[in-house]
Amino acid sequence: MVDIKILRNTSDKIWQSCYQHPFVQEIGKGTLSREKFEFFLIQDYKFLLEYIKILSLEISKTNHKDVLYDLIEIQKKTFEGIKVHEQYLNAFEISEDRVNKAKIGLYNDAYISSLRNVTESKGVIEFLAAILPCPWSYHDFACKLIEINKKSLHQNPYKTWIQNYANKKTYLYIQEKLEEYSNKQKCEEIETLQKIFIRSLEYEYLFWDMCYRQTYNF
């Protein structure tokens, strides 16, 4: 069985770097510029649309009924997240045309390619290890930001966004399935899973940084 604590502990350095990134800290304080947040919303929306396709690819690979149902459940939760994301786009008056015309950032594209590569070359356990850092870190960071900034949260323009991720527990479902599958199926060595997990976290950092700098490349 995969020990989730090992994945988390071995990734602590990059995990903390992600949390301490100015984008995350400023969104918690409510001081992040609207322009940077809008850039993020557009790039994140583009990411989610590609992520749905990657989930579909992983779904198409499985011959196990229970795994199929579980992956479809993750996809369902992602669709629900996309609907919420569209509400944020509307709230910030970001049109569909603006989203479509925006380029996809280099690190966004690289992150998507990394997930697709794991999907095409590895099994479902490795796939879950690759997608776990995103929902898990978002939940963890949101909870910390609420606690640290609780006195000023009521006037934070990003309050709803932060609270949404603090309440979102998709990561627990993925953790549960990762542990369940690894107890039943053959998977890569834990060191390989750690590398996959950390690689996704590294892309999370680069994603934050890309949006903070509002740049599509280096």
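Enclosure of atom CD in Gln16 by more than 12 non-hydrogen atoms of other residues, nucleotides or ligands within 6.0 angstrom is indicated. Heavy-atom neighbours of Glu96 CD from other residues, nucleotides or ligands within 6.0 Å: at or below the threshold of 12. Remark: Lys29 NZ is loosely packed, at most 12 non-hydrogen atoms of other residues, nucleotides or ligands lying under 6.0 Å away.
Closest approach of Ala166 to Ile146, counting heavy atoms only: CB-CD1, 3.5 Å. Considering every non-hydrogen atom in both Pro135 and Tyr171, the closest pair reads C-CB, 3.8 Å. What you find for Arg199 and Ser114 is that their closest heavy atoms are CG-OG, 3.8 Å. Nearest heavy atoms, Arg116 versus Leu57: CG-CD2, 4.4 Å. Looking at every heavy atom in both residues, Leu89 comes nearest to Leu41 through CD2-CB, 3.9 Å. Residues Asp44 and Tyr165 come closest through the heavy atom pair OD2-OH, 4.1 Å.
One side chain, Gln75 or Ser56, offers a donor N or O that lies under 3.5 Å from an acceptor on the other.
Note: Tyr158 and Tyr88 fail the aromatic proximity criterion, with ring centroids not under 6.0 Å apart. In this structure, Phe92 has its ring center at least 6.0 angstrom away from the ring center of Trp161. For Tyr203 and Tyr107, the distance between ring centers is not under 6.0 angstrom. Aromatic rings from Trp208 and Tyr138 are positioned such that their centres are separated by under 6.0 Å.
Lys122 forms no cation-pi arrangement with Phe127, by the criterion of a distance under 6.0 Å to the ring centre and an angle within 45° of the ring axis. A cation-pi contact, defined as under 6.0 Å to the ring centre and within 45° of the axis, is absent between Lys195 and Phe197. Geometrically, Lys144 engages Tyr19 in a cation-pi contact, judged by NZ or CZ lying under 6.0 Å from the ring centre and within 45° of the ring axis.
Side chain of Asn108 to backbone of Phe207: no donor-acceptor contact under 3.5 angstrom is found. Within the 3.5 Å criterion, the main-chain N or O of Lys5 finds a donor-acceptor partner in the side chain of Asn9. Using modelled atom types, no side-chain atom of Glu58 and backbone atom of Leu55 make a donor-acceptor pair closer than 3.5 Å.
For the atom pair NE2 of His154 and CG of Asn149, the computed distance is 12.0 Å after rounding to the nearest 0.5 Å. If you take NZ on Lys53 and CD1 on Ile59, they are separated by 14.5 Å, rounding to the nearest 0.5 Å.
Relative ring orientation between Phe23 and Tyr212 is described as perpendicular, the plane-to-plane angle rising above 60° on a 0-90° scale split at 30° and 60°.
Under the 4.0 Å criterion applied to side-chain N and carboxylate O atoms, Lys61 and Glu120 are not assigned as salt-bridge partners. Lys46 has no carboxylate O lying under 4.0 Å from a charged side-chain N of Glu50, or vice versa, which leaves the two without a salt bridge.
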task: Verify side chain to side chain contact (heavy atoms under 4.5 Å, CB included) between Phe141 and Trp15, making sure each step is shown before the conclusion.
output: CA-CA 10 Å; Phe141 297 168; Trp15 190 285; 3.4 Å; yes
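Contact annotation: the side chain of Glu204 approaches that of Cys134 to within less than 4.5 Å [non-hydrogen atoms, C-beta and beyond].
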